[in-house]
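Each remark here refers to the structure printed beneath this line.
Just so you know, these numbers use all the heavy atoms, side chains as well, and skip hydrogens, waters and symmetry mates. In this text, all values refer to a predicted model and were calculated from it rather than measured experimentally.
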Amino acid sequence: FIRNTYEQAVSNFNYHLQTPTPEKWFLNISNNYKNWFSNITMIKLLFNILDINVGLIEKAKIYLKENFKPNKNLSYYENIKLLRLTDESKALKIETLRFIFCTKHVLKMASIIINNKKNNNLLYVNMNDFKKDKINHTITQLSSFLFRDELELIDNKLIINFYNKEQENKNSKHISNKTQQEKDNLKNSLFQNKVIKRIFNKINRIIQNNT
């Protein structure tokens, strides 16, 4: 599942910092940023696959050391929410660095693309594929990919009806109340951090060139 890294970072930020956070595991994130880099071997491996300068890892740590001063009596979630009230841009950058190095999701996403760019057994989809004007095509594409020889057994109308029902019943927690302009402003603020910008720009080029 392919997403623009800037959009994914803003979505991650807005989604998890709701009150209450929709994901309970978010309450257990460590305030010690050094723990976010605990699997350094994997991080360096992913950086090498993506041809990203591993020196950015230390630069990220320096930024966090200088800018993330959490209250030890509060959880990471509480600290970031408080920081968001006074400096949303800084809170977003800190959470995005955690998102990059702790979850490694965007690094893995791009590495999979590189290692499988000639593999016809993968199907790449993105957020736009699930918009109303494209969903019918996407469902047909997914059905063809997943079931292939059994395609005649699949009734796309049933799948589409199920999708529409799920959309109607969708929990509002999953829907951001931010305007597009607010989201764009947050995305633009990430450009100010050179570490995030260099990593995200590299990954977005990989996505555009290989999918």
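- With hydrogens and angles ignored, the 3.5 Å screen pairs a side-chain donor or acceptor of Thr138 with a backbone N or O of Asp129.
- For residues 4-20, the salt bridge (Lys or Arg N to Asp or Glu O under 4.0 Å) pairs, not counting sequence neighbours, are Glu7-Lys187.
- Phe47 is listed as a side-chain neighbour of Ile43, based on a closest heavy-atom distance under 4.5 Å.
- Put simply, CG on Leu186 and OG on Ser11 are 11.5 Å apart, with the number rounded to the nearest 0.5 Å.
- Shown here for Ala110 and Ile206, the closest heavy-atom pair between the two residues is O-CG2, 4.0 Å.
- Taken from NE2 in His16 to CD1 in Ile29, the straight-line distance is 7.5 Å, to the nearest 0.5 Å.
- Interatomic distance, Leu50 CG to Ile203 CD1, rounded to the nearest 0.5 Å: 6.0 Å.
- Donor-acceptor pairing under 3.5 Å is recorded for the side chains of Asp184 and Gln180.
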* Mind running side-chain contact (heavy atoms from CB on, under 4.5 Å) on Asn193 and Tyr63 for me, showing each step along the way? => CA-CA 9 Å; Asn193 184 285; Tyr63 177 88; 3.6 Å; yes
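- When the side-chain hydrogen bond (donor to acceptor under 3.5 Å, both in side chains) test is applied to Asn188, no partner is found at least two apart in sequence or on another chain.
- Remark: Asn126 engages no residue in a side-chain hydrogen bond (donor to acceptor under 3.5 Å, both in side chains) (not counting sequence neighbours).
- Side-chain contact between Tyr76 and Ile94 is present, with at least one heavy-atom pair separated by less than 4.5 Å.
- Applying the side chain to side chain donor-acceptor pair (under 3.5 Å) test to every pair with at least one member in residues 33-54, sequence neighbours left out, gives these pairs: Ser30-Asn35.
- Side-chain contact between Leu107 and Ile199 is present, with heavy atoms from C-beta onward closer than 4.5 Å.
- Side-chain atoms of Asn204 never come within 3.5 Å of backbone atoms of Asn4 as a donor-acceptor pair (strictly under, hydrogens ignored).
- With sequence neighbours excluded, the residues satisfying side-chain hydrogen bond (donor to acceptor under 3.5 Å, both in side chains) with Glu182 are Thr179.
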* Please step through side-chain contact (heavy atoms from CB on, under 4.5 Å) for the pair Phe68 and Lys90, ending with a clear verdict. => CA-CA 9 Å; Phe68 186 43; Lys90 182 183 286 188; over 6 Å; no
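- In this structure a side-chain-to-backbone donor-acceptor pair under 3.5 Å is present from Thr86 to Leu83.
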* To do: With side-chain contact (heavy atoms from CB on, under 4.5 Å) as the test, would you mind laying out the steps for Tyr6 and Phe191 before giving the verdict?
  => CA-CA 9 Å; Tyr6 291 103; Phe191 297 163; 3.3 Å; yes
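- Ring pair Phe1/Phe130 is tilted by interplanar angle, where 30° to 60° counts as tilted.
- To the nearest 0.5 Å, the span separating OH on Tyr124 from CD1 on Ile113 amounts to 5.5 Å.
- Once rounded to the nearest 0.5 Å, the distance linking CD1 of Ile2 with CG of Leu123 reads 10.0 Å.
- Counting only distance, with no hydrogens or angles, the side chain of Gln208 and the backbone of Arg205 share no donor-acceptor pair below 3.5 Å.
- Contact annotation: the side chain of Phe101 never approaches that of Lys61 to less than 4.5 Å [non-hydrogen atoms, C-beta and beyond].
- Here the closest heavy-atom approach between residue Leu46 and residue Ser111 is recorded as CD2-OG, 3.4 Å.
- No side-chain donor-acceptor contact under 3.5 Å links Gln8 and Asn12.
- A donor-acceptor contact shorter than 3.5 Å is absent between the side chain of Asn71 and the backbone of Asn79.
- Side chains of Ile49 and Leu45 form a contact here, defined as non-hydrogen atoms less than 4.5 Å apart.
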* For Phe37 and Glu58, what are the C-alpha separation, side-chain angles and deciding distance, and is it a side-chain contact (heavy atoms from CB on, under 4.5 Å)? -> CA-CA 10 Å; Phe37 299 83; Glu58 290 305 314; over 6 Å; no
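- Residue Glu78 holds its CD atom at 10.0 Å from CG of Asn73, rounded to the nearest 0.5 Å.
- Applying the salt bridge (Lys or Arg N to Asp or Glu O under 4.0 Å) test to every pair with at least one member in residues 91-109, sequence neighbours left out, gives these pairs: Glu95-Arg98.
- Residues Lys81 and Leu17 approach most closely at NZ-O, 3.0 Å, considering heavy atoms.
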